[in-house]
2 protein chains.
Amino acid sequence: MAEKDAVREQIIQAAKKRFSHFGYAKTTMAEVAADCSMSPGNLYRFFPGKLDIAEAIATAEHEGHMGNMRGLSAADGKSVIERLREYFFEEMRYTYLMLEKNPRVYEMASVIAHERPQYANWMLANERKLLVELFDEAERNGEFRIDDKEFTAEMIQSATMKFRYPQLWSKLPLPKLERELDGVLKLLVNGLCAQRARTSPV
Amino acid sequence: MAEKDAVREQIIQAAKKRFSHFGYAKTTMAEVAADCSMSPGNLYRFFPGKLDIAEAIATAEHEGHMGNMRGLSAADGKSVIERLREYFFEEMRYTYLMLEKNPRVYEMASVIAHERPQYANWMLANERKLLVELFDEAERNGEFRIDDKEFTAEMIQSATMKFRYPQLWSKLPLPKLERELDGVLKLLVNGLCAQRARTSPV
DNA sequence: AGATTGAACGATTTGTTGAACGTTCAGAAA
DNA sequence: TTTCTGAACGTTCAACAAATCGTTCAATCT
């Protein structure tokens, strides 16, 4: 089984190279197979299909990203509010720069989003776990208390959707997006009424 | 000039019928011209091009919609917060039902959004005027006070983007969308911190 | 004169055909 | 037997041709 996993990894690496150089559509299973010194048919012993290879690549990427995010959100000496802020900023920059650097990534994301609609939901659910943990911590240290943490996390995701897929929604450059995200987060944290009270600015 | 406007209106009505029955792409300028008993070339004395006819249709629709919205937001005996809530709910339902009723509308919206990127911004700017007026009123009656009203309106639009183009973002049915919009608006109005203070629930 | 036409123009779309692709599986190799 | 191959299958894609469309403008009509 360790053997099988090693071959899977080899396939993933070969496909990753091809996908990011030539694009998902322009890469053929025969090419990936040749890169791994095997026949096209043999790929199907390791993956159900081409799209599943792309999904495996995306999942590895996502898990690495989530690792970074967990590190960021575990930073001591900062309030939960501060860490939430940094979380969403980092999230936006990460996506923005990745798509800006390599348009092929956008192609892969589009294909997966189109053919596997549930996949994006799975990633969002993963991120919510992290948010809920942050809410728990805020409750413990008395910073703020939320009744339905899972639901609130979902609402924050809804409200920051525009920044999770930055170049899908607007052609704005990163600095403008950052200014907007800043404004939205302030609203989400303080609300409209709090602007009057002017308590706990972000 | 009144004469010219009457012909423009006739063209708009003829095009509207064709666009919503057969779609924008499948409607030809020759057909619209024939419906108006004129030659294709003559259309260009009234509109610069096909897309401008679609834009005129969209603008008329948008202005009618804005009229309804102004009526809604002028309702006395309700707090500004309540009116804001109703505003965004009505906005979402309006779009959702329009696109659900007729898929051709979606095609037209897509074409305009793609070929005239500034058009959507113009509509958003119109809506912001209304929001700013509501903020002014909230300030007058002491409900809440916002420093940069234009910016705050923009931020609220950012945070509710998902609900302005409902079926673009999610395949969720209207009731689920309403529940989500409700949650997001609560966050925007009260913020995270206010959940602890539990003041002025929506 | 100004208003209107419709043939003509380049661009886009449509239709078609052959090649290339993802996937399968009978059989070869180990 | 288990692992792997590569030809075969139906589908999708690419390239080219023909038709159609949006748009223009010289000619026609009022």
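So that the names make sense, note that chain A is the first sequence line, chain B the second, and so on, each numbered from 1.
- Heavy-atom contacts from other residues, nucleotides or ligands closer than 6.0 Å to OH of A:Tyr119 number more than 12.
- Here A:Lys26 reaches the OP1 or OP2 of D:dA14: one of its side-chain N or O atoms lies under 4.0 Å away.
- For B:Lys50 and C:dA11, the shortest distance from a side-chain N or O to OP1 or OP2 is not below 4.0 Å.
- When distances run from any side-chain atom of A:Met29 to the nucleotides C:dT23, D:dC21, D:dT5, the shortest one goes to C:dT23.
- Summarising the geometry, the separation between CZ on A:Phe22 and P on D:dC13 is reported as 20 Å, rounded to the nearest angstrom.
- Cation-pi contact between A:Lys50 and A:Phe19: absent, since separation from the ring centre below 6.0 Å together with deviation from the ring axis within 45° is not met.
- Counting to the nearest Å, the P atom of C:dT23 and the CZ atom of A:Phe47 are 13 Å from each other.
- Remark on DNA chain C: of its neighbouring residues B:Phe46 and A:Glu31, the 5'-side contact belongs to B:Phe46, judged by nearest-heavy-atom nucleotide.
- In this pair, B:Tyr94 and B:His65 present their aromatic rings parallel. The plane angle is below 30°, not in the 30 to 60° band.
- Nucleotide C:dA11 holds its P atom 19 Å from the CG atom of B:Leu51, rounded to whole Å.
- Rounding to whole angstrom units, CD of residue A:Glu115 and C1' of C:dG22 are separated by 13 Å.
- Each of D:dC21, D:dT23, C:dT5 was ranked by its minimum atom distance to the side chain of B:Pro40; first place goes to D:dT23.
- Side-chain contact between B:Asp148 and B:Phe135 is absent, with no heavy atoms from C-beta onward closer than 4.5 Å.
- Taking every side-chain heavy atom of A:Ser39 into account, D:dT5 is the closest of D:dT5, C:dT5, C:dG22.
- Both A:Leu43 and B:Tyr24 sit near DNA chain D, but only A:Leu43 has its closest nucleotide nearer the 5' end.
- If you measure from atom OH of B:Tyr44 to atom C1' of C:dA8, you get 14 Å, rounded to the nearest angstrom.
- Nearest nucleotide to the side chain of B:Asn42, out of C:dT23, D:dT24, C:dT5: C:dT5.
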